[in-house]
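As structure tokens, the structure follows; a few thoughts come after it.
Model, not experiment: these values are computed from the prediction. Residue numbers start at 1 and run along the sequence shown.
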Amino acid sequence: MSSKITIIGAGSVGSTIAYTLSNEDIASEIVMIDINKQKVVGEAMDIVQGSSFRDPISVIAGDYDDAKDSDIVIITSGVARKPGQTRIELTQTNVDILKSITPEIVKAAPNALYIIVSNPVDIMTYVFTKISGLPENQIMGSGTLLDTARLRYGLSEHFQIAQRNIHAYVFGEHGDSSFVPWSVAKISGCSLDEYAEMMKQYGKNFEPLDEAKMTAYIHESGARIIENKGATFYAVSVSVCRLCSLLLSAYDSISTISSMLHGEYGISDVCISVPTLIGPNGVRCKVPVKLTAEEEEKLRHSADVLKGVIEKIEL
């Protein structure tokens, strides 16, 4: 696959994304950009020296001009979350960083699809959408893509079934107000309860699923990883690389990315995650999954939480 991907930010997340991409057949060119010129040169050198074991690929430490003709630009720049710190507490500092980056990268790569990864990702996606001047279909945040992956891992462990057979999603903010709409969670077309009941005849007995505990697992995973090792970057990097492959595929796919809502579920003027049709033309549309009244209320609450933060930041 011949494609060019530029990554802004060579911290743990940005560098791991670049390394992961270098081991996949997703990009033929990777450009890494960071304010710390020495570090980004070292990261690019370290990555490219291992690429002789795959098909030829270009990995360079560059400047904004080198992002010209990028198919995808991934923005990871910002201050990392510290132990005990919420994503929302990062907001204004990272918004200011994004405001300095945006005109430079948009000038260099006006036709690229943009993936915002910097936290708090929903706020950063909103800010980029508002200040970049780009069409909204070109912009998305990684949103609850990672949260959904964590959910599917947790469910696969509980039900002892491959994650690819699980269709369940995390909606809302990439943060504490996110939630799982259990009404639409399926294992190969069966509801979770139906699947558990069906498996009894084959001698597979599962403990009742503790939905609150599973939701807490999703909410607390990032903080627990940061507490144990200082940062999270492996799982989010794999998630973002998967998103890149979806955007470069021949057909559209459905994913829980963060993008601007315009009246869906009664929500407008906020970027938040719901199942969304994405592909080579970027964001196509939201998929109108039917939720219960309680689930819709949770989604609106999550949107209100984000709007409360947006009101406090300086654009």
(message) Running the 4.5 Å side-chain criterion over Ile, Leu, Val, Met, Phe, Trp and Tyr, what cluster does Y251 land in, apart from itself?
(response) none
(message) Which residues end up grouped with V238 if you chain together Ile, Leu, Val, Met, Phe, Trp and Tyr wherever their side-chain heavy atoms are less than 4.5 Å apart?
(response) none
(message) For T20 versus S237, what's the shortest heavy-atom pair and its separation?
(response) OG1-CB, 4.2 Å
(message) Salt bridge check, D63 against K68: does any charged N sit closer than 4.0 Å to a carboxylate O?
(response) no
(request) To the nearest 0.5 Å, tell me how far S249 OG sits from I26 CD1. (result) 9.0 Å
(message) So, taking the atom named OG in S273 and the one named CE in M140, what distance separates them when rounded to the nearest 0.5 Å?
(response) 11.5 Å
(request) For residues H174 and L145, determine if any side-chain heavy atom of one lies less than 4.5 Å from a side-chain heavy atom of the other. (result) no
Could you pull out all donor-acceptor pairs under 3.5 Å where a side-chain atom in residues 97-113 meets a protein atom, sequence neighbours excluded?
{"residue": "K99", "atom": "NZ", "partner": "E314", "partner atom": "O", "Å": "3.2"}
{"residue": "K99", "atom": "NZ", "partner": "L315", "partner atom": "O", "Å": "3.4"}
{"residue": "S100", "atom": "OG", "partner": "I97", "partner atom": "O", "Å": "2.6"}
{"residue": "T102", "atom": "OG1", "partner": "L98", "partner atom": "O", "Å": "2.7"}

(request) Identify, with sequence neighbours excluded, every residue that meets side-chain hydrogen bond (donor to acceptor under 3.5 Å, both in side chains) alongside D46. (result) none
(request) Treating Ile, Leu, Val, Met, Phe, Trp and Tyr as nodes and any side-chain heavy-atom pair under 4.5 angstrom as an edge, say whether I225 and V117 lie in one connected cluster. (result) no
(message) Donor-acceptor pair, distance only, cut-off 3.5 Å: does the side chain of N94 make one with the backbone of V79?
(response) yes
(request) To the nearest 0.5 Å, tell me how far I57 CD1 sits from L21 CG. (result) 7.5 Å
(request) Answer yes or no: are there more than 12 heavy-atom neighbours, outside K229 itself, under 6.0 Å from its atom NZ? (result) yes
(request) Please report the shortest heavy-atom distance between I313 and Q92, naming the atom on each side. (result) CA-OE1, 3.2 Å
(request) For T76 and G9, indicate whether the former's side chain and the latter's backbone hold a donor-acceptor pair under 3.5 Å. (result) yes
(message) Whether the side chain of S70 engages the backbone of V73 through a donor-acceptor N/O pair (distance < 3.5 Å, no angle test) should be reported.
(response) no
(request) Just jot down the salt bridge (charged side-chain N to carboxylate O under 4.0 Å, His left out) partners of K39, sequence neighbours excluded, or say none. (result) E43
(request) Give the other cluster members for I166, using side-chain heavy-atom distances under 4.5 Å between Ile, Leu, Val, Met, Phe, Trp and Tyr residues; answer none if it is isolated. (result) L151, Y153, L155, F159, I161, V170, V180, W182, I187, L192, Y195, M198, M199, Y202, F206, L209, M214, Y217, I218
(message) Using side-chain heavy atoms (C-beta onward) and a distance below 4.5 Å, is D71 in contact with I5?
(response) no
(message) Please determine whether a side-chain nitrogen of the Lys or Arg among K298 and E295 lies less than 4.0 Å from a carboxylate oxygen of the Asp or Glu.
(response) no
(message) With heavy-atom distances below 4.5 Å as the criterion, would you say the side chains of I17 and C241 are in contact?
(response) yes
(request) Say whether Y234 and V240 are linked into one hydrophobic cluster, either directly or through other cluster members, by side-chain heavy-atom distances under 4.5 angstrom. (result) yes
(message) Test of understanding: with salt bridge (charged side-chain N to carboxylate O under 4.0 Å, His left out), list the residues that count as partners of D65, not counting sequence neighbours.
(response) none
(message) Enumerate the salt bridge (Lys or Arg N to Asp or Glu O under 4.0 Å) contacts for residues 151-161, please, sequence neighbours excluded, ordered by first and then second residue.
(response) none
(message) Checking side-chain polar atoms at under 3.5 Å, does H158 have a donor or acceptor matched by the opposite partner on E207?
(response) no
(message) Suppose we screen for ring-ring contact (aromatic ring centres under 6.0 Å, His included). Which residues come up paired with Y114, at least two apart in sequence or across chains?
(response) F128
(message) Could you work out, with salt bridge (charged side-chain N to carboxylate O under 4.0 Å, His left out) as the rule, every residue matching E211, not counting sequence neighbours?
(response) none
(request) Identify the two heavy atoms, one from I257 and one from G141, that lie closest to each other, and give their separation to 0.1 Å. (result) CB-O, 3.4 Å
(message) Go through it in stages, so that I can follow the logic: the residues are Y126 and D269, the test is side-chain hydrogen bond (donor to acceptor under 3.5 Å, both in side chains), and I'd like the CA-CA distance, side-chain angles, deciding distance and then a yes or no.
(response) CA-CA 8 Å; Y126 178 88; D269 197 36; 3.2 Å; yes
(request) Can you establish whether the number of heavy atoms outside E294 located under 6.0 Å from its atom CD is more than 12? (result) no
(message) Within the structure provided, determine whether I8 and I74 are in side-chain contact (heavy-atom separation under 4.5 Å).
(response) no
(message) Measuring only between side-chain heavy atoms, which start at C-beta, is L247 closer than 4.5 Å to I115?
(response) yes
(message) Between D122 and S258, is there a side-chain donor-acceptor contact under 3.5 Å, judged purely by atom types and distance?
(response) yes
(message) Can a side-chain donor-acceptor contact be found between S178 and H219 if the only test is distance below 3.5 angstrom?
(response) yes
(request) Answer yes or no: is there a donor N or O on one side and an acceptor on the other, between the side chain of D210 and the main chain of K213, under 3.5 Å? (result) yes
(message) How close do A10 and V40 get, counting heavy atoms only, and between which atoms?
(response) CB-CG2, 3.8 Å
(request) Compare every heavy atom of S22 with every heavy atom of I30, then report the nearest pair and how far apart it is. (result) CD1-N, 3.9 Å
(request) Assess the side chains of T256 and T148: does a donor N or O sit below 3.5 Å from an acceptor N or O? (result) yes
(request) Answer yes or no: are there more than 12 heavy-atom neighbours, outside R54 itself, under 6.0 Å from its atom CZ? (result) yes
(message) For the CG atom of D66 and the CD atom of E29, what is their distance to the nearest 0.5 Å?
(response) 10.0 Å
Show which side-chain atoms of residues 277-287 pair as donor or acceptor with protein atoms under 3.5 Å away, not counting sequence neighbours.
{"residue": "R284", "atom": "NH1", "partner": "D252", "partner atom": "OD2", "Å": "2.7"}
{"residue": "K286", "atom": "NZ", "partner": "S259", "partner atom": "OG", "Å": "3.2"}
{"residue": "K286", "atom": "NZ", "partner": "M260", "partner atom": "O", "Å": "2.9"}

(request) Enter the distance from I272:CD1 to T144:OG1 here, rounded to the nearest 0.5 Å. (result) 9.0 Å
(request) Identify the two heavy atoms, one from L291 and one from P181, that lie closest to each other, and give their separation to 0.1 Å. (result) CD2-CB, 3.7 Å
(request) For the residue pair I267 and L299, establish whether any side-chain heavy-atom pair is separated by less than 4.5 Å. (result) yes
Please list, one pair per line, the donor and acceptor atoms closer than 3.5 Å that link side chains of residues 300-309 to other protein atoms, with sequence neighbours excluded.
{"residue": "R300", "atom": "NH1", "partner": "Y265", "partner atom": "O", "Å": "3.3"}
{"residue": "R300", "atom": "NH1", "partner": "E296", "partner atom": "OE1", "Å": "3.3"}
{"residue": "S302", "atom": "OG", "partner": "E173", "partner atom": "N", "Å": "2.8"}
{"residue": "S302", "atom": "OG", "partner": "S177", "partner atom": "O", "Å": "3.4"}
{"residue": "S302", "atom": "OG", "partner": "S177", "partner atom": "OG", "Å": "2.7"}
{"residue": "K307", "atom": "NZ", "partner": "S268", "partner atom": "O", "Å": "2.9"}

